[in-house]
Amino acid sequence: MPELPEVETTRRGIEPFAVGERVVKLTIRQRQLRWLIPDGVEKEITDGNGFMITSVKRRAKYLLLEGEEYGTIIIHLGMTGTLRVLNIDEPVEKHDHIDIELSNNKILRYRDPRRFGAFIWTTEEIESHPLFIKMGIEPVLYGHSATEVGEHLYAKSRKRKTAIKVFIMNQHIITGVGNIYACEALFSCGINPTIGCNIVSAKSYQKLAETIQKILTKAIKSGGTTLQDFRNSDGKPGYFQQQLQVYGQTDAACTICSTSIKKITQAQRSTWYCPQCQK
DNA sequence: CGTATCTCCTGCAAGC
DNA sequence: TGCTTGCAGGAGATAC
C-alpha cells in the first residue's frame, strides 16, 4: 500500500532512466483501472517521434511524467500498484497492465493486482487539473516548515467537525498521510483519533506537523536504501522497516503503558490507538 | 461548502 | 483439503 514515501521512492527510482527519453510504444493490457483508460491514448502519446519525458515529479501520491512541449502522464499506484524500470525482454506476468516503452530500450512497467490505481493522459496544466486544484499542503520535500504545516492544519480545522484522524487523511487538507502514518503519528503525539479536529489546539497541531514530517522523512530515507535494486524488484516499503506502535496491533500491549491497543472503524477505515496514552 | 457513505478490486487469512 | 466469508485500503463520486 504505497503511501507518500513509497511513491517518492518510486519517483526517484524511475527518474534517472526516464528523463530525456521518448515514449516509443505504449502497451495497455488492462484498461479498467480506477478510471477506464480511453481508446486512442496509445496513439496520442506515441504520435510523431513520441512523447519526450522531461521530468518525473510527484504531487501528493500521484506520479507525473511531464512532456517536453505539452502533456503529462499521471500515474497513481492505488493500493497495490508498482511502477518499475525493466528491460524490454522481461516476461509479462499477471496484473502487468501497462508497459511504457522508452527510447533507451527500457520499459516502465505498471503492475496493480487490485486495480485501484490510475493512468491518465492530460494536456491540461497540472495545478489546474481537477485532481490537483484542491490538493492540500505537501508536508515534506516542498519546503514547507513544520510551523507552516501546523498553522495550515490549525486554520483548516477551525470550522470542521471531522475526527482528527479522518481530517489528517484528507488529501485536500494535507497530502501523503495514509492510514498507517495517520495512526502512528497520532499515537506518537498522544492524540485520540476520535476527537473533533476543531478542538485540537494550535500547539498540538504544531507537534503533529513535526511528527508527520519526521515519520515521512524517515520512511523516505529507508525507502532510499532499497533503491539499488530498483530495476529488478520492488523495494521494501518505508513502513516495513519502521516499528509499528499501533497500526494492526489489535489487543497487543501498548509499548508505553501496556494497555491493550484498540481497533475501531472511522470513515470505513480501521483505526488503532491506545485508549490510555491517547486521550 | 462540509459530512457521511458508497464504490472500485484481488489476495490473503480465518473459519467451517 | 477446499470452500466461503471477511477484511484490507486511496480517494473520487454521490447524496444530502
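Please read these numbers as outputs of a predicted model, since none were measured by experiment. Here is the naming used below: chain letters follow the sequence lines, and residue numbers restart at 1 for every chain.
- Listed pair Arg34(A) / dC8(B) fails the phosphate criterion, with no side-chain N or O lying under 4.0 Å from OP1 or OP2.
- Among Arg59(A), Lys134(A), Lys57(A), the single residue meeting the salt bridge (Lys or Arg N to Asp or Glu O under 4.0 Å) criterion with Glu127(A) is Arg59(A).
- Where Arg160(A) and Arg114(A) meet DNA chain B, the nucleotide closest to each residue was compared, and Arg160(A) sits on the side nearer the 5' end.
- Relative to the axis of its first five pairs, the axis of the last five pairs of the helix from dG2(B)-dC16(C) to dC16(B)-dG2(C) sits at 40°, rounded to 10 degrees.
- Nucleic acid contact for Lys156(A): none, since no nucleic acid atom lies under 4.0 Å from a heavy atom of the residue.
- The stretch residues 259-272 of chain A touches DNA chain B through Gln268(A), each having a heavy atom under 4.0 angstrom from the strand.
- A salt bridge does not link Arg84(A) with Glu90(A): every distance from a Lys NZ or Arg NE/NH1/NH2 to an Asp or Glu carboxylate oxygen is 4.0 Å or more.
- Across all strands shown, Tyr62(A) has heavy atoms under 4.0 Å from sugar-phosphate atoms exclusively, and none from any base.
- For Tyr70(A), the side chain to side chain contact (heavy atoms under 4.5 Å, CB included) partners two or more places apart in sequence, or in a different chain, are Trp121(A), Thr123(A).
- Per the geometry, NE2 belonging to His172(A) stands 12 Å off C1' belonging to dA13(C), to the nearest Å.
- Going from atom CD of Glu6(A) over to atom C1' of dG10(C) covers 13 Å, rounded to whole Å.
- Contacts of His76(A) classified as ring pair (Phe, Tyr, Trp, His ring centres under 6.0 Å), with partners at least two apart in sequence or in another chain: Tyr62(A).
- Legend: residues meeting side chain to side chain contact (heavy atoms under 4.5 Å, CB included) with Glu21(A), ordered by chain and number and at least two apart, are Leu102(A), Ser103(A), Asn104(A).
- We find that NZ of Lys94(A) is positioned 9 Å from P of dT10(B), with the value rounded to whole Å.
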Let me check something: any side-chain donor-acceptor pairs from residues 259-268 of chain A under 3.5 Å, sequence neighbours excluded? List them with distances.
unit_1	atom_1	unit_2	atom_2	d
Gln266(A)	OE1	Thr271(A)	OG1	2.7
Gln266(A)	NE2	Pro193(A)	O	3.2

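- Using a cutoff of 4.0 Å between basic side-chain nitrogens and carboxylate oxygens, Glu101(A) and Arg109(A) are not scored as salt-bridged.
- Leu33(A) comes within contact range of no nucleotide atom at all, as no heavy-atom separation falls under 4.0 Å.
- Ion pair Arg12(A)/Glu15(A) not flagged as a salt bridge, since none of the NZ, NE, NH1 or NH2 atoms sits closer than 4.0 Å to an Asp/Glu carboxylate oxygen.
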